[in-house]
K.L.:
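This structure is in structure tokens; I'll ask about it shortly.
Since the model is a prediction, treat every value here as computed from it, not as a measurement. To find a chain, count down the sequence lines: A is the first, B the second, and so on, and within it residues start at 1.
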Amino acid sequence: MKKANADLFNRASKIVRESVVAARGIVQPNRQVRNGWELLATSVDVLSPAAAPLPLPVADKVGADMDTRFDNRTLDLRKPERRAIFHIRSLVESAVRGYLGGQAFLEVHTPKLAGAGAEGGATLFQTDYFGRRAYLSQSPQLYKQMLMSTGLDRVFEIAPAFRAEPSDTVRHVTEFTSFDGEVAWIERQEDVFAFLEGAVDQAIQRVRVDGKAELELLQASPERPKVPFKRLAYREALEILRGGGKRVRDGDDIDTEGEKLLGQSMAKEGHAMYFLTGYPAAIKPFYVMADADDPQYSYSFDLEYKGDEMASGGQREHRYDQLLQRMKEKGLNVENFDFYLKAFRYGMPPHGGWGFGLDRFVQKLLDLPNIREAILFPRDRTRLIP
RNA sequence: GCCCCGGUGGUCUAGCGGUCUAUGAUCCCGGCCUGUCGAGCCGGGUGCUCGGGUUCGAAUCCCGACCGGGGCGCCA
């Protein structure tokens with residue numbers, strides 16, 4: 001450019017970084033250049049100049065704090081390694097849709113504005129609905145179950161879920177993308193596993209095959225877990241924890257430390273991903289089905305990946321009387337849930353399903369340090385803009 | 001909500017009672033140079049979160065507020 005046109009070179013060298021330009025010229029191969037070709041420009045027009053200084057370094061050597069980056073997310077996303085995350089995320093969603101579509105699942109959408117919550121009111125965002133009280137949906141749980149009574153026997157949904165939990169951790173946000181599935185006519189909880197397993201396996205496979213360049217950019221190389229995934233019963237898990245010196249009683253929930261210990265233990269056996277099954281009924285929501293042989297426990301599971309909870313699910317209580325009783329035991333105001341109970345009153349097939357955290361999965365898949373990295377515009381306790 | 005840590009030019013940092021009219025990098029401006037590099041060289045520019053207090057003296061110590069990072073609880 002310089003030799004051909006000194007004036008053009010001078011003007012081009014004065015363009016502020018990150019400006020949007022249109023360059024015309026001749027493209028020719030050049031072995032000295034990284035990408036193998038260069039543009040010999042004959043004209044350069046600034047279509048939209050960038051203001052200076054930039055609030056965030058894009059092509060510089062220096063870094064930026066997470067907060068600065070998310071305040072200026074559009075500039076942050078100009079870095080190829082940031083955008084690569086969302087290429088991967090898109091592959092994951094696409095693979096899940098393809099796989100479940102092939103298993104006769106229907107993709108559905110349930111309301112995100114709701115008159116009642118799924119699991120108690122503490123974590124619901126409240127809003128005004130023409131003078132009435134409304135909530136942002138924290139889970140499609142009730143609606144996808146209701147669909148099980150309609151003949152839409154296999155459904156899944158990929159949609160936002162909202163939790164007003166003041167959680168400040170690297171794996172929590174207030175708005176996340178939930179990948180839910182629900183299947184009718186199951187005979188046992190196990191029948192659900194194959195679908196979730198298949199979807200996750202397909203997603204990882206797809207990323208490995210079609211996301212090579214992005215994975216390289218992100219320096220990630222996710223392994224494909226063995227299918228079927230390992231099943232670890234709650235009671236076995238307690239034994240492992242006790243063997244590791246942790247004091248846990250039967251019926252206790254497994255805390256974060258325990259979850260990480262189990263993750264390490266399973267990883268040693270070559271299981272990056274495993275189902276943790278048969279939780280105590282007392283610590284699970286009203287809609288889970290109690291174990292027929294031992295009602296203290298339940299047909300429920302968590303799917304664990306690299307020491308973190310990716311999904312939870314199980315077989316649901318489809319019998320009207322038992323469901324009603326469990327709701328009362330959990331102290332729920334049954335009248336508020338009549339719209340839900342109606343779906344059970346006129347015949348409901350046995351069913352089960354899962355809720356899977358898509359953002360969290362992308363985070364762990366790529367070993368990202370924070371779930372926010374897997375979300376374009378994350379929402380947390382303090383961040384509502386942009 | 002609880003616990004720990006932190007807030008220094010646009011950005012990322014060093015400094016942790018006087019030697020700070022504050023370090024380095026990046027950025028921006030001006031100039032030079034350049035066949036490949038988030039290139040190099042020279043000169044210049046921009047800063048101690050806010051409010052109280054301690055002290056002869058505070059970026060530095062104390063208290064509070066605000067903001068941020070991490071952990072726990074809870075969960076996806």
K.L.:
Check RNA chain B against residues 243-263 of chain A and give the residues with a non-hydrogen atom under 4.0 Å, in numerical order.
P.N.:
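Contacts with RNA chain B under 4.0 Å: A:Asp253, A:Asp255, A:Thr256, A:Glu259, A:Lys260.
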K.L.:
May I ask you to decide whether A:Arg235 forms a salt bridge with A:Asp294, counting only side-chain N to carboxylate O separations under 4.0 Å?
P.N.:
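Yes, this pair counts.
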K.L.:
So which pairs with a foot in residues 361-386 of chain A pass ring pair (Phe, Tyr, Trp, His ring centres under 6.0 Å), sequence neighbours left out?
P.N.:
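Output for this query lists A:Tyr305-A:Phe361, A:Phe356-A:Phe361.
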K.L.:
Can you list everything that forms a salt bridge (Lys or Arg N to Asp or Glu O under 4.0 Å) with A:Glu93? Sequence neighbours excluded, please.
P.N.:
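For A:Glu93, the residues satisfying salt bridge (Lys or Arg N to Asp or Glu O under 4.0 Å) (neighbours in sequence not counted) are A:Arg89, A:Arg97.
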K.L.:
A:Asp201: what forms a salt bridge (Lys or Arg N to Asp or Glu O under 4.0 Å) with it, not counting sequence neighbours?
P.N.:
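Salt bridge (Lys or Arg N to Asp or Glu O under 4.0 Å) list for A:Asp201, sorted by chain: A:Arg224.
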K.L.:
In B/S/- notation, 5' to 3', how is nucleotides 5-12 of chain B contacted by protein heavy atoms closer than 4.0 Å?
P.N.:
-----BBS
K.L.:
Would you tabulate the pairs of protein nitrogen or oxygen atoms and nucleotide nitrogen or oxygen atoms of nucleotides 43-47 of chain B closer than 3.5 angstrom?
P.N.:
none

K.L.:
Scan residues 64-113 of chain A for pairs that pass ring pair (Phe, Tyr, Trp, His ring centres under 6.0 Å), counting only residues two or more places apart or in two chains.
P.N.:
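Matches after skipping sequence neighbours: A:Phe105-A:Phe195.
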K.L.:
Check salt bridge (Lys or Arg N to Asp or Glu O under 4.0 Å) between A:Asp250 and all other residues, then give those that pass, not counting sequence neighbours.
P.N.:
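A:Asp250: salt bridge (Lys or Arg N to Asp or Glu O under 4.0 Å) contacts with A:Arg242.
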K.L.:
Using the test side-chain hydrogen bond (donor to acceptor under 3.5 Å, both in side chains), find all partners of A:Asp128 that sit at least two apart in sequence or belong to another chain.
P.N.:
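Residues passing side-chain hydrogen bond (donor to acceptor under 3.5 Å, both in side chains) with A:Asp128: none at all.
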K.L.:
Suppose we screen for side-chain hydrogen bond (donor to acceptor under 3.5 Å, both in side chains). Which residues come up paired with A:Arg231, at least two apart in sequence or across chains?
P.N.:
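If we apply the side-chain hydrogen bond (donor to acceptor under 3.5 Å, both in side chains) test to A:Arg231, skipping adjacent residues, the hits are A:Glu190, A:Glu197.
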K.L.:
Taking only residues two or more places apart in sequence or in another chain, which ones pass side-chain hydrogen bond (donor to acceptor under 3.5 Å, both in side chains) with A:Asp67?
P.N.:
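Testing A:Asp67 for side-chain hydrogen bond (donor to acceptor under 3.5 Å, both in side chains), a comparison that skips the adjacent residues, returns A:Arg383.
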K.L.:
Excluding sequence neighbours, so at least two apart, what forms salt bridge (Lys or Arg N to Asp or Glu O under 4.0 Å) with A:Arg326?
P.N.:
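Result, salt bridge (Lys or Arg N to Asp or Glu O under 4.0 Å) vs A:Arg326: none returned.
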